[in-house]
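Scroll down for the structure; my scribbles are underneath it.
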Number of protein chains: 2
Amino acid sequence: MKLLRLGEKELISAIRKEFSVMPKSLLVGIGDDAAVIKAGKTHFIFTKDLLLEDIHFISSFHPPRLLGRKSLNVSLSDIAAMGGTPKYAMLGLGLPFRTDPGWIEDFFSGFKSAALDEGVNLIGGDISRAKKITLSVTVVGEGTNIIKRSEAKPGSILFVSGTLGDARQGLLLLKRGFKLGDDKRADVLLNAFLDPVPNISLGQELSRLKLASSMIDVSDGLSVDLEHICQESGCGAEIQLEKLPLSPELGAFQRKLYDFALHGGEDYQLLFSVSSEKIKSISRLQKKYMITPIGCMVPEKKIILIDQRGKRKRLEIKGWEHF
Amino acid sequence: MKLLRLGEKELISAIRKEFSVMPKSLLVGIGDDAAVIKAGKTHFIFTKDLLLEDIHFISSFHPPRLLGRKSLNVSLSDIAAMGGTPKYAMLGLGLPFRTDPGWIEDFFSGFKSAALDEGVNLIGGDISRAKKITLSVTVVGEGTNIIKRSEAKPGSILFVSGTLGDARQGLLLLKRGFKLGDDKRADVLLNAFLDPVPNISLGQELSRLKLASSMIDVSDGLSVDLEHICQESGCGAEIQLEKLPLSPELGAFQRKLYDFALHGGEDYQLLFSVSSEKIKSISRLQKKYMITPIGCMVPEKKIILIDQRGKRKRLEIKGWEHF
């Protein structure tokens with residue numbers, strides 16, 4: 001679940017309290033990237049996301065094919081963050097009365113291509129008329145070693161996949177009128193926003209090799225999502241500013257690199273903690289995936305940012321307002 | 001899935017074609033009330049519904065507590081229509097910026113009361129800002145003898161639970177300014193629309209006793225939902241007009257009784273077929289539930305309506321336009 005989009009922390013914790021009775025079969029409930037149910041030897045993983053026109057996406061910015069891909073991929077990213085394998089999807093689709101049939105065709109072609117990329121089957125859903133395009137995707141995954149948000153331990157090293165801040169810069173460029181195909185470097189950033197790729201195989205390997213003690217996908221921004229890990233695990237973290245992985249493309253368009261990397265959101269990278277004795281195994285994974293150590297977990301319940309000169313300050317937690 | 005709300009048959013069959021490759025574990029895919037996945041000895045049943053403000057409900061008509069109940073209960077009705085037991089729910093909730101906290105509290109109190117009624121646990125979801133209230137509910141159920149839409153056989157008797165047409169008349173009264181508490185008879189109709197009750201225990205008994213060969217919940221109207229059964233089963237049906245179960249309350253407010261019963265929608269009653277040799281067992285169930293034989297399945301792929309004088313005509317298939 002990505003619930004902090006509105007800063008509606010209080011609402012979520014109220015809901016969580018209200019629905020706190022959990023059956024035995026429920027291994028993970030409200031408050032993680034996905035819920036987990038025990039089913040025999042395997043576990044079923046459930047995630048659900050809303051994508052609303054003019055809140056999460058602007059129709060005129062977003063080619064329908066890429067919107068179709070993104071609507072599925074953001075939910076697949078939640079399954080990746082549990083170390084699971086996505087299996088089935090359901091799509092709730094609300095469409096305005098005069099939606100162009102070509103738009104619908106392109107949307108489904110994108111949805112299908114993202115489903116094929118990861119072997120996911122569309123098994124059902126609901127279609128309705130709507131005032132604005134309304135997308136609600138549920139994904140069912142499977143997994144055995146589930147990686148939660150709540151098991152980070154002080155002393156563990158924090159890693160993040162890929163680069164940070166690109167999606168937010170991509171959105172900024174779209175707002176400035178950039179289009180795909182205008183500029184090669186801009187395209188990297190536009191695609192980071194329009195067509196993010198879920199890190200499923202990395203999540204699976206971290207689960208299979210039991211390397212990550214906690215994991216989340218960076219959807220609301222590094223600061224917000226790291227705070228989720230800290231809160232759920234009951235500890236704090238230190239981040240080294242200079243270690244944050246940045247793309248050359250972000251550098252080409254943006255001076256406030258670190259602000260974008262820390263608070264950007266929608267990067268759908270994996271943020272995870274690894275206990276120090278497992279660091280060797282991670283270096284093997286680093287030959288295959290771009291994963292960067294950016295800090296460590298600490299006992300004190302604060303998130304500290306260490307800048308280039310070694311100066312320490314408390315990290316500001318800022319979520320990402322979409323539009 | 002209730003997909004015909006817009007008459008968007010073509011879209012659904014295109015999607016179904018596009019996503020026709022089904023894994024072995026998927027027992028029921030697109031085109032039934034819910035999807036079914038094999039998981040060891042049991043089956044998981046998945047359903048997803050959208051409820052959108054000004055499309056499926058009008059905020060000023062719908063007390064938030066009852067909207068909370070209905071948002072879950074319409075999905076529980078899909079699980080009932082498969083003969084399953086609902087277990088878990090996920091809620092996607094989009095709320096306008098200035099939503100009254102009291103509204104949210106009442107909504108969740110209703111959602112919780114419906115969940116408690118049927119032993120369902122809320123396990124996750126997504127909350128977001130939205131222009132209009134956006135509700136997307138996913139329910140996961142379990143079952144063993146799954147009752148599909150597609151197994152009705154000519155010669156079987158058609159039954160429907162409860163009474164038909166009340167919900168549509170309830171909506172009409174709301175539009176005319178009726179409120180709960182104004183009039184006892186009106187309340188029955190208003191509640192049919194505002195607070196429908198899913199027929200879960202009836203669905204479970206029909207499944208356990210293997211009595212129903214096919215089943216659907218009447219959400220879009222008897223004519224539309226019966227056509228779904230006929231199309232999926234590859235046969236037709238005959239309906240006896242005078243047998244349609246009508247409430248005295250509907251009679252008190254509406255002259256076009258049969259029009260409302262045939263095309264009303266949102267009644268969330270169960271419509272099911274029973275082979276003739278099992279009729280005796282049904283009469284035992286009739287002591288416990290209100291279930292009425294309304295016609296039978298026939299080989300010819302048409303739906304015929306037989307009026308009070310025995311005159312036969314083809315049934316017009318009319319879906320329900322909400323607002």
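Every chain is numbered from 1, with letters handed out A, B, ... down the list of sequences.
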query = How many angstroms lie between atom CG of B/Leu50 and atom CG of A/Leu93, to the nearest 0.5 angstrom?
reply = 8.0 Å
inquiry  = Heavy-atom cut-off 4.5 Å, strictly under: side chain, backbone, both or neither for B/Val140 against chain A?
reply    = side chain
inquiry  = If I take atom CD1 from residue A/Ile55 and atom CZ from residue B/Phe97, how far apart are they, to the nearest 0.5 angstrom?
reply    = 10.5 Å
key: Best-contacting candidate, A/Ala39, A/Pro23, A/Gly94, against chain B by heavy atom pairs under 4.5 angstrom   = A/Pro23
request  = Take the angle between the ring planes of A/Phe46 and B/Phe46 and call it parallel below 30°, perpendicular above 60°, tilted in between.
outcome  = tilted
message = For A/Glu105, I'd like to know if atom CD has over 12 heavy atoms of other residues, nucleotides or ligands within 6.0 Å.
response = no
task = Supply the atom-to-atom distance A/Lys48 NZ to B/Asp126 CG, rounded to the nearest 0.5 angstrom.
result = 9.0 Å
note = If you tally heavy-atom pairs under 4.5 Å between each of B/Ile37, B/Leu26, B/Thr134 and chain A, the highest tally belongs to B/Ile37
ask   = Rounded to the nearest 0.5 Å, what separation is found between the CZ atom of A/Phe111 and the CD atom of B/Glu18?
value = 11.5 Å
query = Are B/Lys132 and A/Lys132 close enough that some pair of their side-chain heavy atoms sits under 4.5 Å apart?
reply = no
key: B/Leu91 side, atom CG; A/Phe19 side, atom CZ - distance, nearest 0.5 Å   = 8.0 Å
task = Measure A/Val120 against the heavy atoms of chain B and call it side chain, backbone, both or neither at under 4.5 Å.
result = neither
query = Would you say the side chain of B/Leu52 lies within less than 4.5 Å of the side chain of A/Lys131, judging by non-hydrogen atoms?
reply = no
query = Is there side-chain contact between B/Val28 and A/Ile123, with at least one heavy-atom pair below 4.5 Å?
reply = no
query = Looking at CE of A/Met90 and OG of B/Ser136, how far apart are the two atoms once the value is rounded to the nearest 0.5 Å?
reply = 9.0 Å
